[in-house]
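The structure under discussion appears below in the form of structure tokens.
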Amino acid sequence: MTGPRFRIAPSPTGYFHVGGARTALFNWALARRLGGTFVLRIEDTDAERNQAEWTQGIIDALAWIGISSGDPHFEGPYFQSEYAEAHVAAAQQLVAGGHAYYCDMTAADIEARNKVEGNQGYQGWSRDRGLGPGPGHVVRFRVPAGTTVVHDLVRGDVEFDNALIEDFVLLRGNGSPMFLLANVVDDMAMRITHVLRAEEHLSNTPKQQMMWEALGHPSPVWAHLPLLVNEQRKKISKRRDKVALEQYRDEGYLPEAMVNYLMTLGWTPKGPEIQPWAQMEVDFLLEDVTHSPAFFDLKKLAAFNGEYIRMLTPEQFAEACRPWLLADDAPFPADRFDEAVFLAMAPHIQPRCVTLADAAGVVDFLFLADPVVDEAAWAKTFGAGEAVAVLREAVVAYDALPEWTADALKGALETIGEGHGLKLGKTQAPVRVAVTGRTVGPPLFEALEVLGRAESLRRMRAAEATLG
RNA sequence: GCCCCCAUCGUCUAGUGGCCUAGGACACCACCCUUUCAAGGUGGCGGCACGGGUUCGAAUCCCGUUGGGGGUGCCA
């Protein structure tokens with residue numbers, strides 16, 4: 001690959017953030033379309049435990065949204081921790097070139113001096129003290145006078161007055177590199193040409209740009225994406241929001257739906273909102289990215305998911321639902337599940353699901369030895385009018401039915417309803433509750449057809465017996 | 001505090017000076033369809049934050065105000 005080089009640089013925190021996923025998708029679209037490269041770098045400088053596991057988690061999460069490490073445009077993962085020497089070397093290079101200097105002041109020293117002088121922040125006090133390395137000595141960047149203009153592909157030129165940027169720390173007192181430095185050095189090492197990241201990094205961009213220049217490299221193309229926020233309009237965070245991509249996956253969201261929804265946050269697909277990835281990849285343009293923060297709306301995500309579930313063929317739907325259908329906590333034992341029955345009912349189940357996890361609850365009565373009876377539904381249905389009589393007549397009629405088909409079942413019940421002056425909506429209720437245990441569910445006659453004559457009648461008779 | 005970003009229906013957005021009586025989608029409401037619940041169809045509700053300019057003409061350009069957010073660490 002010779003084209004532009006993009007990157008995402010997640011830290012291994014144990015899950016992959018939906019905001020990170022959106023950023024990854026924007027990078028991925030561009031890397032693919034422009035014949036470039038998408039670099040994955042794990043920023044693991046602080047991570048102490050389970051590094052391999054967490055890294056795999058990130059790779060799996062990316063794969064789930066279609067960013068495959070097997071794709072020729074994918075490169076990595078690289079690990080920031082493996083570049084520690086380069087980070088230190090870069091800091092030393094900056095010191096040697098006069099762009100950085102050692103400082104021995106602690107946070108307490110700085111606070112104390114500011115109290116006396118009535119200042120705020122670090123005032124460059126050690127700039128000309130000629131200090132060398134030593135225990136507890138940090139390396140600070142010598143911010144030059146003037147202004148720094150960040151050319152941002154989504155926001156245009158953003159100007160910063162260098163006088164307002166303090167001489168920030170590059171290397172801690174223990175010699176370890178700070179994020180800002182490590183980030184720049186890694187991007188340089190990986191020959192990154194385009195940095196697309198969330199807007200929270202915009203304020204620190206002039207510092208990084210100054211480092212690129214001081215290190216003798218032209219800075220990359222910057223593009224800061226609008227933040228994803230919660231209903232309080234604050235950036236979504238693990239603390240207060242559901243941000244783990246894995247959690248949505250586990251709850252039964254389809255990756256295509258998640259990808260499509262994420263792409264609409266800060267960008268608008270050409271034509272209809274529901275759009276295949278291949279098309280979005282072709283249409284995506286940084287210039288079209290919105291500037292304002294976007295609310296991560298679960299309701300809209302759910303709507304997208306329902307839309308995508310309905311687009312599935314019955315076979316794809318069954319396949320996608322399998323993990324929930326056969327799970328230990330499914331409403332029925334795995335060995336009672338019947339694929340053929342599920343497949344037959346699938347077209348009726350799909351429009352009733354928001355997530356794949358919903359399916360099991362919709363079809364449970366088909367695979368349970370006996371339906372779980374909703375007491376309130378039972379009482380309400382059989383407490384009124386001719387419900388019991390209807391059920392009795394239905395048992396007789398169904399027992400004598402020549403053909404056990406949905407149409408025949410419906411016809412027979414309609415006839416019974418007419419005898420009582422009831423509409424089909426009312427007439428089907430007693431049968432539905434007897435067979436499924438509930439007043440709501442998938443179309444009754446289709447369900448009876450797949451359940452079979454023997455089992456359907458057994459349940460209806462059992463209900464009859466209970467009713468006395 | 002200071003710096004930076006942002007500002008169209010509740011939400012995501014279309015809109016780049018006349019095509020805007022501001023369009024779509026989600027949500028919400030009503031009706032239709034109907035075998036319950038969904039799905040689907042039709043319709044409705046609902047917005048250019050405010051104040052000044054510029055212009056024949058402003059949602060669109062400029063300034064200010066207000067509001068929201070982000071940053072400002074020997075966190076990432």
Side-chain angles (χ1 to χ4, degrees), chain A residues 9-11 13 43-47 80 103 105-107 110 120-122 136-140 150 152 154-155 158-161 163-166 168-180 182-183 198-207 224 226-227 229 231-235 261 264-274 288 290-304 306-307 309-310 347-354 358 362 377 381 406 409-410 413-414 417 423-429 431-433 436 438-447:
Chain A
S11 50
T13 50
E43 306 224 319
D44 58 347
T45 44
D46 287 334
Q80 182 156 76
C103 173
M105 293 179 72
T106 64
I110 293 167
Q120 259 188 329
Y122 180 75
H137 291 197
V138 302
V139 173
R140 287 182 180 273
V150 172
D152 187 295
V154 347
R155 278 151 219 283
V158 185
E159 214 174 293
F160 296 87
D161 181 355
L164 270 9
I165 301 173
E166 68 175 35
F168 53 97
V169 173
L170 262 21
L171 249 36
R172 298 188 182 88
N174 65 9
S176 65
M178 293 286 287
F179 160 75
L180 249 25
N183 202 251
E199 198 217 292
E200 55 191 312
H201 296 285
L202 181 57
S203 295
N204 283 323
T205 304
K207 295 179 186 172
H224 289 90
L227 240 30
V229 299
E231 46 272 88
Q232 283 83 238
R233 302 251 113 209
K234 299 199 185 301
K235 67 174 177 178
Y261 176 58
T264 68
L265 263 20
W267 180 70
T268 309
K270 307 261 169 282
E273 235 176 6
I274 300 290
D288 295 336
T290 331
H291 296 189
S292 24
F295 171 49
F296 187 78
D297 188 352
L298 275 326
K299 281 223 182 94
K300 188 135 187 183
L301 205 215
F304 269 58
E307 199 77 45
I309 284 178
R310 276 169 252 134
H348 303 298
I349 303 163
Q350 285 170 262
R352 292 171 172 79
C353 292
V354 167
D358 293 341
V362 177
T381 302
L409 290 158
K410 182 183 176 190
L413 209 59
E414 269 168 341
K423 289 190 167 182
L424 188 52
K426 280 279 187 206
T427 318
Q428 56 98 42
V431 178
R432 176 182 291 282
V433 172
T436 75
R438 303 191 193 94
T439 52
V440 301
L444 181 61
F445 309 112
E446 288 75 359

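Residue numbers begin at 1 in each chain, while the letters A, B, ... track the order of the sequences.
Contacts of Ala429(A) with the nucleic acid, taken as non-hydrogen atoms under 4.0 Å apart, are absent. Counting any heavy atom pair closer than 4.0 Å across all strands shown, Phe160(A) reaches sugar-phosphate atoms only and no base atom. At the heavy-atom level, Glu231(A) lies nowhere under 4.0 Å from the strands shown. When heavy atoms are screened at a 4.0 angstrom cut-off, Leu444(A) is found touching base atoms of the nucleic acid.
For His291(A) and rC6(B), the shortest distance from a side-chain N or O to OP1 or OP2 is below 4.0 Å. OP1 or OP2 of rA14(B) has at least one side-chain nitrogen or oxygen of Thr268(A) nearer than 4.0 Å. Residue Arg310(A) has a polar side-chain atom (N or O) positioned under 4.0 Å from OP1 or OP2 of rG40(B). OP1 or OP2 of rC37(B) has not a single side-chain nitrogen or oxygen of Arg432(A) nearer than 4.0 Å. Residue Asn183(A) places none of its side-chain N or O atoms closer than 4.0 Å to OP1 or OP2 of rA76(B). At the phosphate of rG71(B), OP1 or OP2 sits under 4.0 Å from a side-chain N or O atom of Lys235(A). At rC12(B), one or more side-chain N or O atoms of Arg233(A) fall inside 4.0 Å of OP1 or OP2 (strictly under the cut-off).
Between Glu199(A) atom CD and rC4(B) atom P the separation is 13 Å, expressed in whole Å. Here rC26(B) presents its P atom at 7 Å from CD of Glu273(A), a figure rounded to the nearest Å. Counting to the nearest Å, the P atom of rC2(B) and the OH atom of Tyr122(A) are 24 Å from each other. We find that CE of Met178(A) is positioned 12 Å from C1' of rU72(B), with the value rounded to whole Å. For the pair Lys410(A) NZ and rU36(B) P, the computed distance is 10 Å after rounding to whole Å. Protein atom CG of Leu424(A) is 12 Å distant from nucleotide atom P of rC37(B), rounded to whole Å.
Remark: rC2(B) base-pairs with rG71(B). Criterion, Watson-Crick or G-U wobble with two distances under 3.5 Å. Base-pair partner of rU55(B): not found among the strands shown (Watson-Crick or G-U wobble, both distances under 3.5 Å). For rC28(B), the paired base is rG44(B) (Watson-Crick or G-U wobble, both distances below 3.5 Å). Remark: rC19(B) base-pairs with no nucleotide; criterion is Watson-Crick or G-U wobble with both hydrogen-bond distances under 3.5 Å.
Straight-line distance between the P atoms of rG68(B) and rC32(B): roughly 45 Å, to the nearest whole Å. Nucleotides rG40(B) and rA27(B) have their P atoms positioned 9 Å apart, rounded to a whole Å. A gap of 14 Å separates the P atoms of rA14(B) and rC6(B), to the nearest Å.
Donor-acceptor pairing under 3.5 Å, judged by distance alone, is absent between the side chain of Lys300(A) and the base of rA27(B). Under 3.5 Å, the side chain of Arg155(A) and the base of rC5(B) form no donor-acceptor pair of N or O atoms.
Under the 30°/60° scheme for interplanar angles, the aromatic rings of His201(A) and Phe179(A) are found to be tilted.
Remark: Phe445(A) CZ to Gln428(A) CD distance equals 6.0 Å, nearest 0.5 Å.
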